[in-house]
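One structure is given below, encoded as structure tokens.
Quick note: numbers below take in every heavy atom, side chains included, and nothing from hydrogens, waters or symmetry partners.
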Amino acid sequence: MGAGPAGLAGAVTASELGLRVALLDLSDRIGGQFYRQPAPALRAAHPERLHHDWKAFADLRGRLEASEVAHLAGHHVWTVERGGDGAEWAVHALTGADGGEGRPVRVRARAVLLATGAYERQLPFPGWTLPGVVGAGGAQAMLKGGLVLPGKRVVVAGSGPLLLAAASSLAEAGAEVPAVIEASGYLGYAHHPRALAANPHKLAEAVTHGSVLLRHRVALHTRSAVTEVHGAERVEAVTVARLDGQWRPVPGTGRRIACDALAVGHGLVPGIELATTLGCATRRTPDGALALVLDARQETSVRGLWAAGEPGGIGGAQLACTEGELAARAIAARLGRKPGPGGRVRQLKSRRTRLRTFAEAMAATHAPGPGWTDWLPDDTEVCRCEEVTAGRIREAVQDYGARDARTVKLLTRAGMGWCQGRTCGTAVSCLAGGAEPPAERRPFATPVPLGVLAAMAPDADQEGADG
């Protein structure tokens, strides 16, 4: 499930090894968020200019077109369940944009590979709900998918390597980027010399982005954060403050930067909702997020269920492709097919170890500091869906004894809205005294109309697959 780098690599490899494959994805086009492309109606002449390592995607796309993979686009998977005999899976999905058609589809398979990607981690601050504030990844999605900019003068802020990529893309596309505001620093990578030495291409990527920023005269401020957004109807300026080692704003260091848009994000959070519903074991990554526990061949703690890419920890497209292929070969071996040359499997494992080591170093370097909640006055809206403020959450903790995100949710409704806590979950949990919210076992990964549940029957549309 998922047609990003991991899902594509897994699907085409499994098909080439002789398995019958169904590739489900919520988008109508392959590529996922990393290789998001403009709609055909926009007639983009050179979409590859908006991407890094387009050749790898072109190769996967060509292999998919030459394969017998059943690509089921516009399929929103809302749950996965094991069949009655324990040897088969049933994947339930809704079709159409945002599942709007409401037509239920059930895909039966002997193995399932989860390649469900990630979503942005957002840490709120005063003014973050103003029009003109978008996610750093969201700004890239607007550019890659719609060929539009979030504004003419865009500040890029938050933490993590995505900031450099977003800022360089925006600058190259014609936006004025007055500054990149990085809450962490880059000296933290010096604590991981082996990871750096084993991944020189990562340094090359950073140099490429840095040269673009230098050419466009974009200032880079580390150990700093946007602590407030100003404006009446939309963004007009931001306040940037220096941070101490715990990410607390240093008094007296705030200064304004005029802008009409802010692209902000503090890294990515693995998308593991389907897996945790099935009881898959999880682990804490160095930046506090929850990721799946995977074995040497990408299998989760639930037999017959594999995962690749970001669900196992944020690591980027190259790692996702490596894990997707490795998982496909493991699935083929489990189902009685030859997994290919043993040397190839060893090569994939070695590459995965090298790339995963760097990913862990990256997560540790850009991990949010506990003092960021000092940015939040009590009237700051934390849960946008239910309009719950930081003050109400603090009241639940201090006056009513809430000690975790779940109890805060019950007392305030924070996290009960349409996004189900994906946007506010980290903030709510931190204000409750924790880190990322704990794994929850939910029967539905996405909203499902009651009529669909009532209409489910044995003769619902079905597809078959080995994996």
Notebook entry, point to check: Applying the side chain to side chain donor-acceptor pair (under 3.5 Å) test to N199, which of R194, H192, R354 qualifies?
Noted result: R354
Going by atom types alone, do [X] and [Y] pair a side-chain donor with an acceptor below 3.5 Å?
{"X": "H201", "Y": "Q318", "answer": "yes"}
{"X": "H366", "Y": "Y189", "answer": "yes"}
{"X": "T13", "Y": "E325", "answer": "no"}

Ignoring hydrogens, what is the shortest heavy-atom contact between [X] and [Y]? Give both atom names and the distance.
{"X": "C385", "Y": "C419", "result": "SG-N, 3.7 Å"}
{"X": "V269", "Y": "I314", "result": "C-CD1, 4.2 Å"}
{"X": "P150", "Y": "M142", "result": "CA-CE, 3.7 Å"}

Check: Does S159 reach the side chain of W247, with side-chain heavy atoms less than 4.5 Å apart?
Finding: yes
Salt-bridge criterion met for [X] and [Y] (N-O under 4.0 Å):
{"X": "E182", "Y": "R223", "answer": "no"}
{"X": "R82", "Y": "E88", "answer": "no"}
{"X": "E68", "Y": "R20", "answer": "no"}
{"X": "E323", "Y": "R356", "answer": "yes"}
{"X": "R121", "Y": "D287", "answer": "yes"}

Check: When the ring centroid of F444 is compared with that of H92, is the distance short of 6.0 Å?
Finding: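 No, ring centres 6.0 Å or more apart.
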Next item on the list: With R384 as the cation and W128 as the aromatic partner, state whether NZ or CZ is under 6.0 Å from the six-membered ring centre and within 45° of the axis.
Entry: yes
